[in-house]
Asker: 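This is the structure I want to talk about, given as C-alpha cells.
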Number of protein chains: 2
Amino acid sequence: MKERRRVTIRDVADAAGVSVATVSRVMSGSLTVNPEMAERVRRATQELEYRPNGAAQGLASGMHRSVGVVLPDLSNPYFHGIIKATNVGAARDGYRMLVTEWQEPGEELGVCLDVLSRVDGLMVLSARMETDSLRDLAARGVPTVLVNRVELGVDLPMVAVDNFSPMLELCQHLASLGHRRVVYLAGSPGAWQNRERWKAVQQARILGLEPVMVASDATIEAGYEATDEALGHDPTALIAFNDLAALGAIARLRELGLRTPEDVSVTGFDDVALARYADPALTTIVSPKAALGEQAWLMLEASLRGERPEQPPLLSATFVQRASTGPAKGSRA
Amino acid sequence: MKERRRVTIRDVADAAGVSVATVSRVMSGSLTVNPEMAERVRRATQELEYRPNGAAQGLASGMHRSVGVVLPDLSNPYFHGIIKATNVGAARDGYRMLVTEWQEPGEELGVCLDVLSRVDGLMVLSARMETDSLRDLAARGVPTVLVNRVELGVDLPMVAVDNFSPMLELCQHLASLGHRRVVYLAGSPGAWQNRERWKAVQQARILGLEPVMVASDATIEAGYEATDEALGHDPTALIAFNDLAALGAIARLRELGLRTPEDVSVTGFDDVALARYADPALTTIVSPKAALGEQAWLMLEASLRGERPEQPPLLSATFVQRASTGPAKGSRA
DNA sequence: GCCAATCCGGGAAACGGTTTCTCGCCGAGA
DNA sequence: TCTCGGCGAGAAACCGTTTCCCGGATTGGC
C-alpha cells in the first residue's frame, strides 16, 4: 500500500513546462491562454491523472462549488423526488450536493454553519428548523432557499407548493361522497405545510365537513399509531398529513378489520411512488416534486451568483382520485 | 446584506492576546497549554463566534473528518437503514458523512476520486461499481469499505449480509407450502447479492422447486413491469429480488385480478419499513440494516486510523413469514 | 549556585490552489 | 522609427489552518 504523493498543480506545471498560474488558468477554462500551451497542459493533466484538491480550491477561491441540503428525514421518499431534481440541476451547473439529515431542533444553526465552511449555499427542507435560525442565516448573507415553508418574517427566497387549494379540492371530493365526520391526522405542529393543510380542512366546514384534528406525524408508524385515537371520533374518512401516514393508517384499519374505503376512506398527500402501488391505491395530491427541486436549484443558483432570485408563485399540486376513497358509510350518496 | 468578513483564527488570537498556534492547540484540545490562556482563548472564540474553516483545516492537516458514501439509489429505503446507523457512528467519532447517489457505471471511479479531495474514506454500497475501479481504489490506498458485496480479487475490507442461507430458508418455506413452479425476479445482473440469492433459489431444486429467472430490478416499477413476463411461466410463487420489486409485483397481480397469496405467493428481501404495512404484509427476509451500517462504520474508522480492520463474518438475516405467502394453488398442501 | 533537561508558546513554513500584479513582447498608429 | 496599447505568461501574495522548530523561562539535580 505505497503512499503515493498526490499529484499537485506544480507537478503538472513542471511536466508541461509552464507556470502554475497557467495551469490554473487552463483548468478554469480561461481563454487568455495560448491554445498550444493549453493543449500541452491538458496532456500533462491527463498523463499525471491530476485532480485539483477541492479543499485548496475552496480555500483559495472562497468557492466550494457545492451546496448543502438539510432535510429532516432521509427515509421519507417525498424528499427524494425533490433532491433528485435539485441534484441534476446542481450537477449541470458544476455543483456538488451534500445532503445532511438533521432532526433535533436546537442545534440546527450550528449544524448549518458548521457545514458552511465547505459549502456555498443552503437549501432548507426542514419544516421544524426554528425561524430565528433562518433569520440568522439571512442576516449573515448566506445564500439560502427555503423549500416548502413560507415564513413571512424571514428575508429569504422560498419556493413552495400550494397546499391549500388542492387540499380543499380533496375535501370537496370527500364531501361529495357524503363524508361529514372526518379526522385530520396532523403532521408536525409547527410546520407551515401542516398549518396550510389543516386550514383547508377547516375551511371545508362550509362544504359540510366536521373535521377533528388528531396528533400524528409524517411517518408510516405515526399514521399507524394515531389511527386508534382517530377512530374514537367515529369518522367516515381519515385525511392524513401525507402518504406515509395514510399508508400506516390503512394498515392499522385493516388490522382492525375495517376496509378501505368501504368502512373508512383514507387520503394522503405528496404522491410518493408507493401511493399508486399500494392497496388500495391512494387517493392523494400529486405534489410537483421534480419541478420543486428544479426551481429550488434555480433560485439557489441565482443566490450564489449574488442575484436576488425572483420570488415565484406557489407551485400547484393536483388532486388525484384513486381507490382509497369511496362513499361515506351510512350516507345515501 | 452586509458582507461580514469571516472571523479567522488570527482574530481570535489577537483578541486573546496569544499566537495563532496557541489558538489552534486549544481548539484541538492539546493539553500542553496554560489553562488560564486556554480559558482566554475559549472566551474569545465564543465572543467572536469563531468557526474554523473546514477547507483550510483539511488542507493543512490532510484530514477532512468526513467520509463519502456512494450508493446507487437514494430512493431505496433499504439504504436508509444502513446509512442512518453509519451516520450515528460517524457523528459519534466526529466525522461527517457525505452521501453521493451515483448510478451510471463508467464514471464511478472519477466520481469517487473527485469527492476524495474532501473526504478521508469511502463506503461503497453500489453493487454495480466495476471491480476494476475498486481494485484501483485499493491500490491507491484509499480507506474504503465495501458493503454488501464480496469481491474475491479485491483487497478491501468488506461487510455483508448472508444472502444465501435465509433465501434457502425462504425457498424451503415455499416448498413446504407445495410450490414448485416459481419465478425469481432478478436484481441487477452483476450484483453479488443477486448472484447469491439466485444461487440459493437454484439450490432449492433439491427441495422440489423449479425456478425460472426473469430479468427485473430493485425497484417497484421494475417489479411491476416484470410480472407479466413472470406470469408467462405460470408460477405459483414469485420470489422478488427485494421488497420493492415484490410490492410492485403484488400491485400488478392485483391489477390483473390475481390475489396474493391465494393465486400467487410473493416474497421480498430486506424488510423495509413498508413491508410490514403493505397489504398483504410481505413475507420477506429481515436484513440487519442497523448492524450492517454500524459495522461498516467501525471498519471504515479502523481503516482511517491506518489499521487493517478484521474481516467480520457474514451478518445473518432472518426469514420472516407474513401474509404474502400461502399454499400453492392447486397443491394438496 | 550553576548547568542541563523540560516545558510552553510564538514564529514561520507548509498545504495546494487562485488571483493580482507586473513585465516583456508584439503589432499598430503617428 | 518610435511610442503606446494590449495581451499573454510568470512571480508572488494570499486563503486559514496545522505543525515543526526554536528560544526563553522554569525547574531540578548535583
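All of these numbers come straight from a predicted model, not from anything done at the bench. So you know, we letter chains A, B, ... as the sequences are listed, proteins then strands, and number each from 1.
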Asker: Tell me what V18(B) touches on the nucleic acid: a base, only sugar-phosphate, or nothing, going by heavy atoms under 4.0 Å.
Answerer: sugar-phosphate
Asker: Please compare A56(B) and S19(B) by the position of their nearest nucleotide in DNA chain C and report the one closer to 5'.
Answerer: S19(B)
Asker: Measure across L134(A) and L156(A) and return the closest heavy-atom pair with its distance rounded to 0.1 Å.
Answerer: O-CD2, 3.7 Å
Asker: Answer with yes or no whether the side chains of S30(B) and S28(B) bring together a donor and an acceptor at under 3.5 Å.
Answerer: no
Asker: In whole angstroms, how far is the C1' atom of dT18(D) from the OH atom of Y50(B)?
Answerer: 10 Å
Asker: Would you mind reading off the distance between R6(B) atom CZ and dG16(D) atom P, rounded to a whole angstrom?
Answerer: 8 Å
Asker: Using the salt bridge (Lys or Arg N to Asp or Glu O under 4.0 Å) rule, pick out the option among R92(A), K289(A), K84(A) that qualifies with E294(A).
Answerer: R92(A)
Asker: Mind checking V33(B) for me? I need base, sugar-phosphate or nothing, with any heavy atom below 4.0 Å counting as a touch.
Answerer: sugar-phosphate
Asker: Among residues 34-41 of chain B, which contact DNA chain D at a heavy-atom distance under 4.0 Å?
Answerer: none
Asker: Which part of the nucleic acid, if any, lies within reach of S24(A) when heavy atoms closer than 4.0 Å are counted: base, sugar-phosphate only, or nothing?
Answerer: base
Asker: State, with a plain yes or no, whether a side-chain heavy atom of E101(A) is found less than 4.5 Å away from one of D73(A).
Answerer: yes
Asker: Between D14(A) and R10(A), is there a side-chain N and carboxylate O pair less than 4.0 Å apart?
Answerer: no
Asker: Side chain of T22(B) only, please: which of dG9(C), dC15(D), dA12(C) is the nearest?
Answerer: dG9(C)
Asker: Separation of M27(B) atom CE from dT17(D) atom P, in whole Å?
Answerer: 9 Å
Asker: Looking at T8(B), I'd like to know whether one of its side-chain N or O atoms comes within less than 4.0 Å of OP1 or OP2 on dG16(D).
Answerer: no
Asker: If you go through the side-chain atoms of R51(A), does one of them form a donor-acceptor pair with the base of dG16(C) closer than 3.5 Å?
Answerer: no
Asker: By nearest heavy atom, map G17(B) and V23(A) onto DNA chain C; which one lands nearer the 5' end?
Answerer: G17(B)
Asker: Got more than 12 heavy atoms from elsewhere within 6.0 Å of CD, Q311(A)?
Answerer: yes
Asker: To the nearest Å, give me how far apart CZ (R10(B)) and P (dT17(D)) are.
Answerer: 9 Å
Asker: In whole angstrom, what separates L48(B)'s CG from dG16(D)'s P?
Answerer: 14 Å
Asker: Which nucleotide, dA9(D), dT18(D), dC8(C), lies nearest any side-chain atom of T32(B)?
Answerer: dC8(C)
Asker: Rounded to the nearest Å, what distance is computed from the CZ atom of residue R25(A) to the P atom of nucleotide dG17(C)?
Answerer: 16 Å
Asker: Distance check needed: dT19(D) C1' versus L59(B) CG, whole Å only.
Answerer: 13 Å
Asker: Establish, with yes or no, whether the OP1 or OP2 oxygen of dG17(C) is under 4.0 angstrom from a side-chain nitrogen or oxygen of Q57(A).
Answerer: no
Asker: Have a look at L146(B) and tell me which of E151(B), M123(B), M129(B) forms a side chain to side chain contact (heavy atoms under 4.5 Å, CB included) with it.
Answerer: E151(B)
Asker: Mind calculating the distance between CZ (R65(A)) and P (dG17(C)) to the nearest angstrom?
Answerer: 17 Å
Asker: Are D155(B) and R308(B) within salt-bridge range, i.e. N to O under 4.0 Å?
Answerer: yes
Asker: Distance check: side-chain N/O of S61(A) vs OP1/OP2 of dT18(C), anything under 4.0 Å?
Answerer: no
